[in-house]
Amino acid sequence: MVDSTRNIVEEFVYCLFRGDKVMPVLYFLPPSPPCRAVMMLARMIDVNFELKPVNVMEQEQFKPEFVAINPQHCIPTMDDTGLVLWESRAIMTYLVSEYATDDSLYPKDVKVRALVDQRIQFDLGTLYARMTDYYFPTMIMGAPLDETKKARLDEALGWFDVMLKGRTWCAANSLTVADITLLVTVSQIEAMDFDIKPYARVAIWLNRCKGALEAYGYEEINQTGCDVLASLFRSKLK
């Protein structure tokens with residue numbers, strides 16, 4: 001009875017000071033691919049954010065109060081009781097380490113985590129970078145598409161297809177944060193009418209990830225954002 005009472009009290013104190021009372025603040029814009037990755041992960045691990053939209057199209061990221069928080073003035077930016085982080089992939093690994101009930105999304109095994117980290121860095125430095133380099137000048141400024149950049153995106157998708165050989169998920173035996181961030185990138189590429197069917201492993205993995213995240217807001221958070229950016233891109237093509 002004493003132990004049971006103590007457990008109830010400890011749970012109440014945890015909820016009061018860590019869960020229900022003080023929520024991390026997320027500065028975000030819903031269509032932003034990195035923001036979408038963070039939002040879906042948060043649903044998976046039951047993290048509730050105090051959401052503060054930042055409209056980068058209206059250059060709200062340059063407001064002095066936001067620059068004071070993040071001198072790089074980029075989104076997403078998170079403030080968790082004084083810990084301020086930006087770069088979505090850093091936010092994601094922190095959230096899992098701090099709030100998840102187990103390590104399946106970001107394994108503690110050093111060798112498995114190293115592979116997860118490598119895939120995360122591949123997304124950040126190669127696949128996502130080449131996707132934005134190809135599409136965003138048109139989407140934002142109406143610039144003509146550069147076919148040499150399309151070839152570089154093709155190359156990156158080919159590399160990812162090879163990485164998936166013999167794998168169900170991109171890095172571990174179950175879905176990890178690497179799958180989530182890569183899913184957001186590949187689904188955005190698909191939404192831009194890029195043909196991913198030649199990359200058979202990528203196409204199968206993509207559908208598997210969509211199914212796994214269906215219960216965590218895939219359509220509401222990610223597909224809606226994909227469609228918004230794809231519509232903006234097509235409007236600039238015209």
Side-chain angles (χ1 to χ4, degrees), residues 17-99 120-121 123-125 127-143 149 177 180-185 187-189 191-192 216-237:
F17 290 103
R18 291 301 308 272
D20 298 340
K21 186 156 185 171
V22 180
M23 293 188 295
V25 178
L26 186 71
Y27 299 86
F28 83 123
L29 185 68
S32 160
C35 293
R36 288 165 9 213
V38 172
M39 293 290 290
M40 285 192 293
L41 173 67
R43 285 206 181 176
M44 292 188 76
I45 60 176
D46 293 323
V47 169
N48 294 313
F49 288 121
E50 178 186 347
L51 296 172
K52 294 193 175 183
V54 178
N55 190 340
V56 298
M57 304 302 288
E58 300 293 331
Q59 300 194 341
E60 291 180 354
Q61 72 273 27
F62 296 113
K63 289 184 175 180
E65 57 267 31
F66 186 66
V67 174
I69 298 169
N70 176 356
Q72 282 188 259
H73 47 75
C74 57
I75 55 169
T77 294
M78 183 197 69
D79 182 351
D80 189 8
T81 60
L83 173 66
V84 178
L85 288 176
W86 53 93
E87 298 294 352
S88 62
R89 296 153 189 87
I91 293 171
M92 293 169 73
T93 55
Y94 165 76
L95 287 173
V96 172
S97 299
E98 180 69 5
Y99 291 104
I120 290 171
Q121 295 303 318
D123 182 46
L124 173 63
L127 190 59
Y128 182 74
R130 293 189 182 189
M131 186 266 287
T132 57
D133 194 37
Y134 178 49
Y135 287 112
F136 279 34
T138 301
M139 187 179 73
I140 296 171
M141 299 177 291
K149 293 180 179 179
V177 291
I180 297 171
T181 187
L182 280 159
L183 161 67
V184 171
T185 299
S187 60
Q188 188 62 65
I189 293 169
M192 299 295 204
Y216 304 104
Y218 180 83
E219 289 293 332
E220 173 194 349
I221 296 171
N222 191 65
Q223 191 60 56
T224 298
C226 283
D227 293 343
V228 168
L229 294 190
S231 178
L232 180 59
F233 167 71
R234 294 185 191 109
S235 72
K236 293 298 177 70
L237 278 178

List the steps, then state whether side-chain contact (heavy atoms from CB on, under 4.5 Å) holds for Met92 with Ile120.
CA-CA 10 Å; Met92 293 169 73; Ile120 290 171; over 6 Å; no
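- Every residue two or more places apart in sequence or in another chain that forms a salt bridge (Lys or Arg N to Asp or Glu O under 4.0 Å) with Glu220 is listed here: Arg43.
- Smallest separation of non-hydrogen atoms from Met23 and Asn48: CB-O, 3.4 Å.
- Under the rule for a side-chain contact (heavy atoms from CB on, under 4.5 Å), the partners of Leu124 that lie at least two apart in sequence or sit in another chain are Glu87, Arg89, Gln121.
- Between Leu182 and Leu127, some side-chain heavy-atom pair lies under the 4.5 Å cut-off.
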Please output the side-chain donor-acceptor pairs of residues 128-143 that fall under 3.5 Å, not counting sequence neighbours, one pair per line with the distance.
from: Arg130; atom 1: NH1; to: Arg152; atom 2: O; distance (Å): 2.8
from: Arg130; atom 1: NH1; to: Glu155; atom 2: OE1; distance (Å): 2.7
from: Thr132; atom 1: OG1; to: Tyr128; atom 2: O; distance (Å): 3.1
from: Thr132; atom 1: OG1; to: Ala129; atom 2: O; distance (Å): 3.0
from: Asp133; atom 1: OD1; to: Lys149; atom 2: NZ; distance (Å): 3.4
from: Thr138; atom 1: OG1; to: Ala143; atom 2: O; distance (Å): 2.6

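- For the pair Thr224 (side chain) and Ile221 (backbone), a donor-acceptor distance under 3.5 Å is absent.
- By the side-chain contact (heavy atoms from CB on, under 4.5 Å) test, Ser231 pairs with no residue at all, sequence neighbours left out.
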Side-chain atoms of residues 24-36: list all donor-acceptor pairs with protein atoms under 3.5 Å, sequence neighbours left out, distances to 0.1 Å.
from: Ser32; atom 1: OG; to: Cys35; atom 2: N; distance (Å): 3.4
from: Arg36; atom 1: NE; to: Asn222; atom 2: OD1; distance (Å): 3.0
from: Arg36; atom 1: NH1; to: Pro31; atom 2: O; distance (Å): 2.6
from: Arg36; atom 1: NH1; to: Gln188; atom 2: OE1; distance (Å): 3.1
from: Arg36; atom 1: NH2; to: Gln188; atom 2: OE1; distance (Å): 3.0
from: Arg36; atom 1: NH2; to: Asn222; atom 2: OD1; distance (Å): 3.3

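- Between Val38 and Leu95, some side-chain heavy-atom pair lies under the 4.5 Å cut-off.
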Distance-only criterion, 3.5 Å: show the donor-acceptor pairs between side-chain atoms of residues 52-66 and protein atoms not counting sequence neighbours.
from: Asn55; atom 1: OD1; to: Met57; atom 2: N; distance (Å): 3.0
from: Asn55; atom 1: OD1; to: Glu58; atom 2: N; distance (Å): 3.3
from: Glu60; atom 1: OE1; to: Asn55; atom 2: N; distance (Å): 2.9

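- The CG atom of Leu41 sits 10.5 Å away from the CD1 atom of Ile91 when rounded to the nearest 0.5 Å.
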Run Met39 and Leu51 through side-chain contact (heavy atoms from CB on, under 4.5 Å) and show every step you take.
CA-CA 10 Å; Met39 293 290 290; Leu51 296 172; 3.9 Å; yes
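- Note that OH of Tyr99 is 12.5 Å distant from CG of Asp46, once rounded to the nearest 0.5 Å.
- Taking the side-chain hydrogen bond (donor to acceptor under 3.5 Å, both in side chains) definition, one finds that Ser88 meets it with nothing, sequence neighbours left out.
- We find the CD-CD1 distance between Glu98 and Ile45 to be 9.5 Å, quoted to the nearest 0.5 Å.
- Side-chain atoms of Leu183 and Thr181, non-hydrogen and from C-beta on, never get closer than 4.5 Å to each other.
- Separation of atoms OH (Tyr216) and CD1 (Ile180) is listed at 10.0 Å; rounding is to 0.5 Å.
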Pair Met78, Trp86 - check side-chain contact (heavy atoms from CB on, under 4.5 Å), show working.
CA-CA 6 Å; Met78 183 197 69; Trp86 53 93; over 6 Å; no
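- For Thr185, the side-chain hydrogen bond (donor to acceptor under 3.5 Å, both in side chains) criterion is met by Asp123, not counting sequence neighbours.
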Tell me, with the steps shown, if Thr93 and Val177 meet side-chain contact (heavy atoms from CB on, under 4.5 Å).
CA-CA 7 Å; Thr93 55; Val177 291; 4.2 Å; yes
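- Residues passing the side-chain hydrogen bond (donor to acceptor under 3.5 Å, both in side chains) test with Asp79, sequence neighbours excluded: none.
- Here the CG atom belonging to Leu237 is positioned 10.0 Å from the CG atom belonging to Leu232, to the nearest 0.5 angstrom.
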